[in-house]
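Before any comments, here is the structure.
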2 protein chains.
Amino acid sequence: MRPTTKDLAKAAGVSLATVDRVLNGRSGVRQKTVDAVNEAITRIGFERNQVAATLARQRGYRFGFVVPRSGDEFLSVIVKHISEFDQASRAEMIQTKIVRIDEHDPHRAARTLSRLSADEYDGIAIMAPETPQIRDALYRMRERGIQTVAIISNQQEEDDQSFVGIDNVAAGATAGRLMARFLGNRSGDILVLAETMQSRDSLERRLGFDRVMSPGYPQFHALPTLETHGYPERTNLVLKNALAAHPDIVGLYIMGSEARAAIECARQLKPDGKLITIAHERTPSTEQALRDNTLDALINQDPGHIVRSAIRTLRAKCENRETLASQERIRIEILISENL
Amino acid sequence: MRPTTKDLAKAAGVSLATVDRVLNGRSGVRQKTVDAVNEAITRIGFERNQVAATLARQRGYRFGFVVPRSGDEFLSVIVKHISEFDQASRAEMIQTKIVRIDEHDPHRAARTLSRLSADEYDGIAIMAPETPQIRDALYRMRERGIQTVAIISNQQEEDDQSFVGIDNVAAGATAGRLMARFLGNRSGDILVLAETMQSRDSLERRLGFDRVMSPGYPQFHALPTLETHGYPERTNLVLKNALAAHPDIVGLYIMGSEARAAIECARQLKPDGKLITIAHERTPSTEQALRDNTLDALINQDPGHIVRSAIRTLRAKCENRETLASQERIRIEILISENL
DNA sequence: CTGTTTTTGAGGTGCGTACCTCAAAAACTT
DNA sequence: AAGTTTTTGAGGTACGCACCTCAAAAACAG
């Protein structure tokens, strides 16, 4: 039989009340007593029964997902998965809410974050570009006793347990390698497209891409990143200009998570030239493009996995546990039309 | 506030005891009453609190993983993940044991299965080739009240909820497409290697592979599958013979989950020719081969995911729930050295 | 209608923990 | 040593459900 708190109390030579105080980090216990209880924990191999604990705690967990207000297609996929998970996890007493922030106004965003209280949330998963204001707000949030994780875009140099998402340098490298291999023995220029190069994600992807291309494949020349700023018209324009200026384009790498406009352009270009096109994030449009061969490959991070992993990570932090690393590692998926 | 069994009893106009009888499928309740309770469930949106339920049930869940006794490298990875999960899920009151069966002796295997009792196991995940004996044993197991899922190799035409693994036809097609694209505009013969073509997995992979190659790429010719039967010496032999007989070999597709010997051969062949090599399942050796460029790509199914998904599926069955489809779908992963 | 069987209700206990209160004990302070 | 503060113990309640017993009620059979 697994030892219970009762057994633990006996083993440590203290009362249940003291065991409770130690286990839940309440104050008013001498260090000596704390040590004695901890010693007993390891000695008898006590493990808190999380099932009973959550039941007794009465209120399960309330987590918030902070996401940009205005978003691309990928964001809506994420949001869909959040509410799907919320549905499915009600029986496990986990509630999930979505909190929108203004990604273009760091101050307002920080203010929104500062209003999130520990009475309302046990943990927050945040998806936002890193700015000093946000970083600060997160710091204060943790001081208020709210657990945090960053998802998709890493905030600063966080530790493993505070970021759920992929290594974007590796993702860019993956795209680069595929691009090179799919191009085979051809040669020419490669277009690289991003929403903005201000964001760390784009910078890292480009870095990884170049790291593979530059030394390994001198026959290709990846042009400077073109910025679309998320506007379809601008995307059309910069693409058209680039194609005019560089007749020898053989590849197109769409780095951002909003690929619709770029794909549309590629679709029109595709029939004549054999343009190899690679994009990120599986969405209805990228999936469609993969099926109709407009896209040759898709680099994806499973949004469902990210959402669930963020929740598990937050919960583990609330319960002061470690996560199972292998489960929380988000894969850089390569999708082609055969393994959709 | 979420409705509890008490609320449900009131809403259905019955007592708590009757609600309990209906919820847990006990006998001695008129159909009419059952219907009334079920109606009330949907009407007030009752959802059983699983946390409280497992606590009250006292004993959590005991699951068994039935795996072949003698196995390849992939199997040991699976086993590692099972015990890792067992460790991590003790706090959730889930126990997992490994049961070995003799894969080469269907009768003995079936006998082992028949000895698994409902007193010991709530559910069984089985990884075994399909034979009439096993199929039968599984059927009887379900009659005994033990839930089952097949993992990795599907048993017959099971429904979605009874199989955790990948679509091997699609996996073969993925390998085929990658092979073709990596070969580019070259032409020649492609070697296909399997442990045995008796197994459904190999047949399906080959089918998928051919479905992509045959119509789409006339410049390649995939040779008949060579069987290694899992013996390194035989692998060496058949490979050597094949290479002698077909000087024009440009690709090697290793279909089985035991790739060590074949990789070793490929490693020796690689320097001179530009042999494109694709294998299945990530293991220490295939991973190493990917890093040193002996392998060009790896088709993988995440063993950790499979194990966890099998458990979740079994648990859902025990609790008479549906699973979250998107979470249980095992991906056909494409691995190259950049996204390991 | 009576006797038998089936169905239902009322009530209880326990799971392992959280969280609360109040008094007693121990540890400090001056 | 007396007073003050800190630490500990004892005991209780609650969470939502599973599982049990026994008696009462309802349905059915003859």
Side-chain angles (χ1 to χ4, degrees), chain A residues 1-38 40-41 44-61 90-95 119 122 315 318-321, chain B residues 1-38 40-41 44-61 90-94 122 315 318-321:
Chain A
M1 216 53 200
R2 272 181 52 177
T4 70
T5 40
K6 219 176 224 170
D7 302 323
L8 178 56
K10 199 180 296 175
V14 299
S15 71
L16 266 176
T18 301
V19 163
D20 174 63
R21 290 180 183 115
V22 174
L23 282 182
N24 297 296
R26 306 185 212 288
S27 60
V29 184
R30 272 184 308 172
Q31 188 55 43
K32 212 178 130 190
T33 315
V34 173
D35 294 341
V37 172
N38 283 326
I41 288 179
I44 69 172
F46 170 81
E47 222 173 330
R48 186 209 235 101
N49 184 332
Q50 290 297 351
V51 175
T54 30
L55 178 60
R57 271 176 70 262
Q58 185 37 9
R59 113 195 106 72
Y61 290 104
R90 282 187 47 204
E92 318 275 340
M93 302 174 72
I94 294 179
Q95 276 181 39
D119 299 338
D122 299 300
R315 190 169 159 197
C318 288
E319 292 168 358
N320 208 13
R321 286 186 294 115
Chain B
M1 216 51 199
R2 271 181 52 177
T4 70
T5 41
K6 217 175 227 169
D7 303 322
L8 178 56
K10 199 180 299 175
V14 299
S15 72
L16 266 176
T18 302
V19 163
D20 175 64
R21 290 180 184 114
V22 174
L23 283 182
N24 297 296
R26 305 185 212 287
S27 59
V29 184
R30 273 184 308 172
Q31 189 55 43
K32 212 178 131 190
T33 315
V34 173
D35 294 340
V37 172
N38 283 327
I41 287 178
I44 69 172
F46 171 82
E47 221 173 332
R48 185 211 231 98
N49 183 332
Q50 290 298 349
V51 175
T54 31
L55 177 60
R57 270 177 69 262
Q58 185 39 10
R59 116 194 105 71
Y61 291 104
R90 281 187 48 203
E92 317 275 340
M93 303 174 73
I94 295 179
D122 298 301
R315 191 171 159 196
C318 288
E319 293 169 359
N320 208 12
R321 286 186 293 114

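Residue numbers start from 1 in every chain, and the chains themselves are labelled A, B, ... in the order their sequence lines are given, proteins ahead of strands.
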Rounded distance (Å) that lies between atom [atom2] of [N] and atom [atom1] of [X]:
{"X": "R48(B)", "N": "dG16(D)", "atom1": "CZ", "atom2": "C1'", "value": "11 Å"}
{"X": "Q31(B)", "N": "dT6(C)", "atom1": "CD", "atom2": "P", "value": "17 Å"}
{"X": "R2(A)", "N": "dT17(C)", "atom1": "CZ", "atom2": "C1'", "value": "12 Å"}
{"X": "L55(A)", "N": "dC15(C)", "atom1": "CG", "atom2": "C1'", "value": "9 Å"}
{"X": "R59(A)", "N": "dG16(D)", "atom1": "CZ", "atom2": "P", "value": "14 Å"}
{"X": "E92(B)", "N": "dT17(C)", "atom1": "CD", "atom2": "P", "value": "13 Å"}
{"X": "K6(A)", "N": "dA18(C)", "atom1": "NZ", "atom2": "C1'", "value": "15 Å"}
{"X": "D122(B)", "N": "dA18(D)", "atom1": "CG", "atom2": "C1'", "value": "14 Å"}

Tell me whether the side-chain N/O atoms of [X] come closer than 4.0 Å to OP1 or OP2 in [N].
{"X": "T5(B)", "N": "dG16(D)", "answer": "no"}
{"X": "R26(B)", "N": "dC19(D)", "answer": "yes"}
{"X": "R57(B)", "N": "dG16(D)", "answer": "no"}
{"X": "R30(A)", "N": "dA26(C)", "answer": "no"}
{"X": "Q58(B)", "N": "dC17(D)", "answer": "no"}

State, yes or no, whether a side-chain contact exists between V29(A) and V22(A) at a heavy-atom distance under 4.5 Å.
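In contact.
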Is the backbone N or O of [Y] less than 3.5 Å from a side-chain atom of [X], with the two atoms forming a donor-acceptor pair by type?
{"X": "R2(A)", "Y": "R90(B)", "value": "yes"}
{"X": "D7(B)", "Y": "T4(B)", "value": "yes"}
{"X": "R21(B)", "Y": "G28(B)", "value": "no"}
{"X": "R48(B)", "Y": "L23(B)", "value": "yes"}

Choosing from dA18(C), dC17(D), dA27(C), which nucleotide comes nearest the side chain of A56(A)?
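Shortest atom-to-atom distance from the side chain points to dA18(C).
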From the options dC17(D), dG16(C), dC19(D), select the nucleotide whose nearest atom is closest to the side chain of N49(A).
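Among the listed nucleotides, the one closest to the side chain of N49(A) is dG16(C).
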Got more than 12 heavy atoms from elsewhere within 6.0 Å of CD, Q95(A)?
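No - once you tally the heavy atoms of other residues, nucleotides and ligands closer than 6.0 Å, there are 12 at most.
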Locate the shortest heavy-atom distance separating V37(B) from A12(B); write the atom from each residue and the value.
CA-CB, 4.0 Å
May I ask you to list the residues of residues 9-25 of chain A, by number, that have any heavy atom positioned under 4.0 Å from an atom of DNA chain D?
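Heavy-atom contacts with DNA chain D come from G13(A), V14(A), S15(A), A17(A), T18(A), R21(A).
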